[in-house]
Amino acid sequence: MAQSPFDDVVTAEILPGWETSEGTHMAGLRLVLADGWKTYWRAPGAAGIPPQFDWTGSANIQGVAVHWPRPEVFYQNGMRSIGYANEVVLPLEITRTETDAEITMNALVNLGVCLDVCVPASVQITAELPAKPQTAPIQAALDARPQTAALAGVGDVTCTVEAIDDGMRLTTSIPVSQIGSSEIVVVETADPTIWVAETTVVRSGLSLTAVTDLVPEAAQPFEVDAETLRITVLAQDQAIDITGCALN
């Protein structure tokens with residue numbers, strides 16, 4: 001279990017997992033929050049702090065892919081944020097440098113935590129893998145990921161872009177059945193420096209339309225790479241993960 005100045009708010013531990021059929025090692029990062037506290041998803045909203053992972057000091061790790069369970073949508077003081085309350089397990093898929101050697105994880109995780117106010121927190125985690133697997137919580141988190149577009153029956157997603165003074169306006173049309181009474185759409189770009197505004201969402205029958213502004217650091221129009229956009233539709237108990245859209 002990690003020790004940090006934020007132990008009264010958040011504690012963290014690595015859950016050992018299993019070897020996958022692709023030759024990677026599946027583990028999990030469990031974050032446990034104090035009662036009433038929340039932490040953020042990878043796209044937390046305008047007021048949020050996305051988690052950042054630093055694997056410096058680890059051994060036999062070529063790369064780590066974080067798999068994100070479906071988050072919740074929170075509203076506080078008129079602002080929307082997206083994240084997790086109480087506890088979350090983030091599955092970590094580890095690619096080794098040497099296939100048959102042990103893994104030493106030494107991770108610094110910077111994240112935001114919120115109660116009435118939001119503050120940045122850091123936890124340091126170390127673990128030796130493989131160890132006795134804790135399969136159930138990791139598998140449950142994997143099963144809680146958003147559905148793929150294909151499984152959710154999403155049709156051909158299209159988008160249009162138009163220049164605005166400080167960037168581009170993106171309008172996305174998503175042919176999909178309603179997944180809840182309060183659907184929101186989150187757009188992410190491959191470039192984390194591009195600011196993405198909160199979307200305006202309108203449903204008409206079997207079509208969902210989301211409008212947002214994309215503003216780069218240069219604050220001027222730019223070419224949008226529609227194929228690498230990541231679009232997530234969120235509702236109370238369901239979510240859909242969509243990769244890319246076709247430009248009109």
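Small disclaimer: the values here were computed from a predicted structure and weren't measured.
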*Asks:* Salt bridge (charged side-chain N to carboxylate O under 4.0 Å, His left out), that's the test. Do Glu72 and Lys38 meet it? Break it down for me.
*Replies:* CA-CA 10 Å; Glu72 298 179 66; Lys38 305 174 183 67; over 6 Å; no
*Asks:* Can you tell which of Val211, Ile242, Ile231, Thr158 makes a side-chain contact (heavy atoms from CB on, under 4.5 Å) with Thr172?
*Replies:* Ile231
*Asks:* Apply the side-chain contact (heavy atoms from CB on, under 4.5 Å) test between Val109 and each candidate in Leu90, Thr39, Ile125; give the one that qualifies.
*Replies:* Ile125
*Asks:* Evaluate the side-chain proximity of Val224 to Phe222: yes if any heavy-atom separation is below 4.5 Å, no if none is.
*Replies:* yes
*Asks:* Shared ILVMFWY cluster between Val88 and Val66, side chains joined below 4.5 angstrom?
*Replies:* yes
*Asks:* Should Val119 and Leu31 be regarded as members of a common hydrophobic cluster, given that ILVMFWY residues are connected when their side-chain heavy atoms come within less than 4.5 Å of each other, either directly or indirectly?
*Replies:* yes
*Asks:* Do you know which two heavy atoms are closest between Ile179 and Gln238, and how far apart they sit?
*Replies:* O-NE2, 3.5 Å
*Asks:* Ignoring hydrogens and geometry, is there a side-chain-to-backbone donor-acceptor pair from Thr148 to Leu151 under 3.5 Å?
*Replies:* yes
*Asks:* Looking only at non-hydrogen atoms, find the nearest pair between Leu111 and Ile49 and report the distance.
*Replies:* C-CG2, 4.4 Å
*Asks:* Which atom pair, heavy atoms only, marks the closest approach of Pro216 to Asp166?
*Replies:* CD-O, 3.4 Å
*Asks:* Any donor and acceptor pair, going by atom type alone, linking the side chain of Arg145 with main-chain N or O of Gln147 inside 3.5 Å?
*Replies:* no
*Asks:* Whether the Thr56 and Asp54 side chains hold a donor-acceptor pair (N or O, under 3.5 Å, no angle test) is what I'd like checked.
*Replies:* yes
*Asks:* Hydrophobic cluster membership, with links at side-chain heavy-atom distances under 4.5 Å among I/L/V/M/F/W/Y: are Phe53 and Ile61 in one?
*Replies:* yes
*Asks:* Using a 3.5 Å distance criterion without hydrogens, assess whether the side chain of Ser58 forms a donor-acceptor pair with backbone atoms of Asn106.
*Replies:* yes
